[in-house]
Amino acid sequence: MLAQSKLLRLRHHHRLLPSRFSPLRRCHSECPSSSPAELTATQAVEVLHQWDFDQLRPFLFEASHHLPQIIVRLNSIPKAVDFLNYLRDKAERPQQALSYAFEGALQLASRHPNSQQHLLMLHTYRKSYLSNISLTAKSAYLLLQCLGKAQMLDDSLLLFNELDPSSTSSLISKLRGLFKSGRTHDALHLLDEMLDDFTGEVVFGELGRRDHRGRDFADEDIVGLVTKQCEHGVFPDAFKLTQMITTLCRNRKNVVAWELLHGVMRLGGAVAVEAASCNALLAGLGRERDIQRMNILMAEMEEMRIKPSVVTFGILVNNLCKARRIDEALEVFDKLKGKGEGNRVGVEPDVILYNTLIDGLCKVGREDHGLSLLEEMKTKKQCRPNAVTYNCLIDGFCKAGKIGKACKLYSQMINEEVKPTVVTLNTLVDGLCKHGKVHRAVEFFNEMKGKGLKGSTVTYTTLISAFCGVNNIDKAMQYFDEMLSSGCSPDAIIYYSLISGLSIAGRMDDASAVVSKLKQAGFGLDIACYNVLISGFCKKKKPERVYEMLEEMEKIGVKPDIVTYNTLVSYLGKIGDFRSARKLMKRMLEEGLQPSVVTYGAIIQAYCLKKNVGMAMMIFEKMCSTSKVPPNTVIYNILIDALCKNNNVEKAISLMDDMKIKGVRPNTTTYNAILKGVRDKKMLQKAFELMNRMIEDACRPDYITMEILTEWLDAVGEIEKLKHFVQGYPAPSPASSQTSISF
DNA sequence: CTAGGGTTAG
């Protein structure tokens, strides 16, 4: 087995000999009469025994590559040597025949029970009498093996140099080192591999294998070695080059990969570099969103006439999309389709390219453009839309809030006989849930189960989050169990969903139980998990459990982040422990964490709760003027509510104007707070104005709004205005119709 | 079955 593979490799090696003679291919086409199959042993021996130069002529010239087999059939080393002498002494010297005959003699020797001695004899014989003939690969291999065994380092190196004058000095010195330290076997192995492929399996194979335990070569050295080989016109094959680049990029060594590819490109150009190798580097650059270098590489490819493939453009378009540079992606795409100046690249877009682009369009909210590409695909035989195409579009329409269109696309998909996948299922389940149609989502899931499609962890995560979101914890737990029994393995995300849902619902005992399950399953809590748990324990006023969590975090090395600090500061503020809050903030700053708008909100709320609205306002103004933290809706809501409750509706109203100036959008909570304030002050006209503004701002009144307004407006006989307001129209009074005209 | 591009969940 081993011998056979070695032989195969050596056969392959022939092309590297100076003659570039390719024996196995030529025999049939050029000299059918002497094909090895037709050459019987007797015939061969007969021919050789006659030693008639004219009769031998075909074997000495056109078909000299058969000589090794013929010599082997002589079955006698002395006879083989005689034949070598005979050839050598001929006036008309057949150099190539001598090379092959010598190979035959070596083969004979290597099969001899005392092979080592006979091989050495032939080596000496060659040195004295045949030094001017070149060696075939097999000859070189056999000789090197025997010299290695004999520890004849100098002869080995001479031979090696003779064979491969371009071999690099670093490889030679490695070889020398191996011989010196007595690792003859390793040295032979190295030689073997270098012979096998002059580009050096050693060099290339090593890079492919090494990752963590990094051996003799640093990546940079490998680049040097490969480049050196290239300088001598020996290039790695496209596959190995690609593999090396992929490995380097995966180890986040884009710079080294870039150098490697450019070394080979500079020395070998399009002869040595194919699109695939460039693709590997492009993908690596894409991972770091380095579009600039990607463009440079594309330009270089064009300059060197390395023909890009459809994958090349796939990588480029994908990364342009991910960088939200969708228009540039479309430009590339149009170029492929030959739009514009007939600038055809000779690459046809395929399904994946279409899908990439459709997904990119959907992700920036241009799903209608995506839809037009879907229609275009249907007209092309080569790129029929597949499940991924529909998945991208369905997700796009779901995220755009057009659940109806998404469902329509699903039926279209079924009509076109494109089989939905589990991703289709998950996308629609998520879309339905996010639109409050959890029940429909469950129905759809059941329908798909009936069709034999199983849910995945993603399906269950979506449903569990949805049921937690509507406070139906029992149903969420039920789906968790179903997931386990259906054979899905839970991951960290699904545990997080449950823990988060239970914590928000205040069911901390259940949340803790899930934490134990999570730990049993071999997962650890991450910072997000700890944060929801801490928040839950804070809400339940269980400081001892909070400290427990914090201690655990410290023990296992999960550092509190700004969310953790905000949660704690907010809790301390609510219980009025300003001293601890201040201490905590000091530590937060020491840890290098900058206060966020949530931190300010927590402090402001704390002062508001203490009825110290003046202090709250001061902090707010300081935040706006000195920090780079822009205020958000929540902060305004806290302040507006507090000002109203403290008899300062005027100031609250001016804050609402401030919001408008700063471009902070009020929400229903904002309006509820201010409406309550103006009601308590019986400012009816102001209430109507605010109601109209609420409609402009697209804030839907909720049950709290109704509670504030109904009784009041009914009492003052303005219930009509409230009816219009609820339907989403401004009240048709003279004062308010003016506002709507100006609007 | 030699490399290289596309979709879902906290």
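So that the names make sense, note that chain A is the first sequence line, chain B the second, and so on, each numbered from 1.
- In this structure, A:Lys399 does not reach the B:dT7 phosphate: none of its side-chain N or O atoms is under 4.0 Å from OP1 or OP2.
- Applying the ring pair (Phe, Tyr, Trp, His ring centres under 6.0 Å) rule to A:Tyr496 yields no partners; only residues at least two apart in sequence or on another chain are considered.
- When each of B:dT8, B:dG5, B:dT7 is scored by its nearest atom to the side-chain atoms of A:Val311, the top-ranked nucleotide is B:dG5.
- Within residues 415-427 of chain A, the residues having any heavy atom under 4.0 Å from DNA chain B are, by residue number, A:Val423, A:Asn426, A:Thr427.
- Contact annotation for A:Thr246: backbone-only contact, meaning every heavy-atom pair under 4.0 Å involves sugar-phosphate atoms and none involves a base.
- With B:dA9, B:dT7, B:dG5 as the choices, the nucleotide that has an atom nearest any side-chain atom of A:Val310 turns out to be B:dG5.
- Residue A:Ala280 is out of contact with every strand shown, counting any heavy-atom pair closer than 4.0 Å.
- Residues from residues 358-370 of chain A that place a heavy atom under 4.0 Å from any atom of DNA chain B, listed by number: A:Asp359, A:Lys363.
- Put simply, the side chain of A:Val418 does not reach to within 4.5 Å of the side chain of A:Thr389, judged on heavy atoms.
- A:Cys398 places none of its side-chain heavy atoms less than 4.5 Å from the side chain of A:Asp430.
- As a whole-Å value, the separation of A:Met244 CE from B:dA3 C1' is 12 Å.
- In this structure, CG of A:Leu498 is placed 13 Å from C1' of B:dA9, rounded to the nearest angstrom.
- Using a 4.0 Å heavy-atom criterion, one finds that A:Leu463 contacts no nucleic acid atom at all.
- Put simply, the side chain of A:Ser309 and the base of B:dG4 share a donor and an acceptor less than 3.5 Å apart.
- For the pair A:Cys362 and A:Leu393, the tightest heavy-atom approach, listed with the atom from each and the gap, is SG-CD2, 3.8 Å.
- The aromatic rings of A:Tyr479 and A:Phe467 sit parallel to each other, their planes meeting at less than 30°, with 60° as the upper class boundary.
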What donor-acceptor contacts under 3.5 angstrom involve side-chain atoms of residues 503-513 of chain A, with partners at least two apart or in another chain?
{"residue": "A:Ser503", "atom": "OG", "partner": "A:Ile499", "partner atom": "O", "Å": "2.7"}
{"residue": "A:Arg507", "atom": "NE", "partner": "A:Asp510", "partner atom": "OD2", "Å": "2.8"}
{"residue": "A:Arg507", "atom": "NH2", "partner": "A:Asp510", "partner atom": "OD2", "Å": "2.8"}
{"residue": "A:Ser512", "atom": "OG", "partner": "A:Met508", "partner atom": "O", "Å": "2.8"}

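- At a threshold of 4.0 angstrom between heavy atoms, the contacts of A:Thr356 are confined to the sugar-phosphate backbone, with no base atom among them.
- Taking 3.5 Å as the limit, the base of B:dA3 and the side chain of A:Thr242 contain a donor-acceptor pair of atoms between them.
- Counting any heavy atom pair closer than 4.0 Å across all strands shown, A:Asn319 reaches no nucleic acid atom.
- One cannot find a donor-acceptor pair under 3.5 Å joining the base of B:dG5 and the side-chain atoms of A:Asn279.
- The shortest distance between side-chain heavy atoms of A:Pro349 and A:Lys337 falls below 4.5 Å.
- Residue A:Ile291 contributes atom CD1, which lies 14 Å from atom C1' of B:dG5 at whole-angstrom precision.
- Interatomic distance, OG1 of A:Thr356 versus CG of A:Leu320, reported as 11.0 Å (0.5 Å rounding).
- You'll find the ring centres of A:Phe333 and A:Phe313 outside the 6.0 Å limit.
- For A:Phe537 and A:Tyr530, the distance between ring centers is not under 6.0 angstrom.
- Rounded to a whole Å, the CZ atom of A:Arg289 is 13 Å from the P atom of B:dG5.
- For A:Arg250, no side-chain nitrogen or oxygen approaches OP1 or OP2 of B:dA3 to under 4.0 Å.
- Remark: the A:Asn426 side chain and the A:Thr462 side chain contain no N/O donor-acceptor pair separated by less than 3.5 Å.
- If you check residues 436-453 of chain A against DNA chain B, you find no residue with a heavy atom closer than 4.0 Å.
- Separating the CE atom of A:Met483 from the P atom of B:dT8 is a distance of 21 Å, rounded to the nearest angstrom.
- Aromatic pair A:Tyr495/A:Phe480: ring centres closer than 6.0 Å.
- Set against B:dT8, B:dG10, B:dG5, the side chain of A:Lys434 has B:dG10 as its closest nucleotide.
- Put simply, the side chain of A:Asn318 and the base of B:dG5 share no donor and acceptor less than 3.5 Å apart.
- Rounded to the nearest 0.5 angstrom, A:Leu373 CG and A:Lys378 NZ are separated by 12.5 Å.
- In this structure, A:Asn391 places its CG atom 12 Å from P of B:dA9, rounding to the nearest Å.
- Counting only heavy atoms from C-beta on, A:Ile493 has its side chain closest to B:dA9 among B:dA3, B:dA9, B:dT7.
- One can place CG of A:Leu316 at 14 Å from C1' of B:dG4, the figure rounded to the nearest angstrom.
- At a threshold of 4.0 Å, the pair A:Lys519-A:Glu552 counts as salt-bridged, since one of the basic side-chain nitrogens sits closer than that to a carboxylate oxygen.
- Side-chain contact check for A:Lys322 versus A:Asn318: some heavy-atom pair is nearer than 4.5 Å.
- Against DNA chain B, the stretch residues 518-528 of chain A makes heavy-atom approaches under 4.0 Å through A:Asp526.
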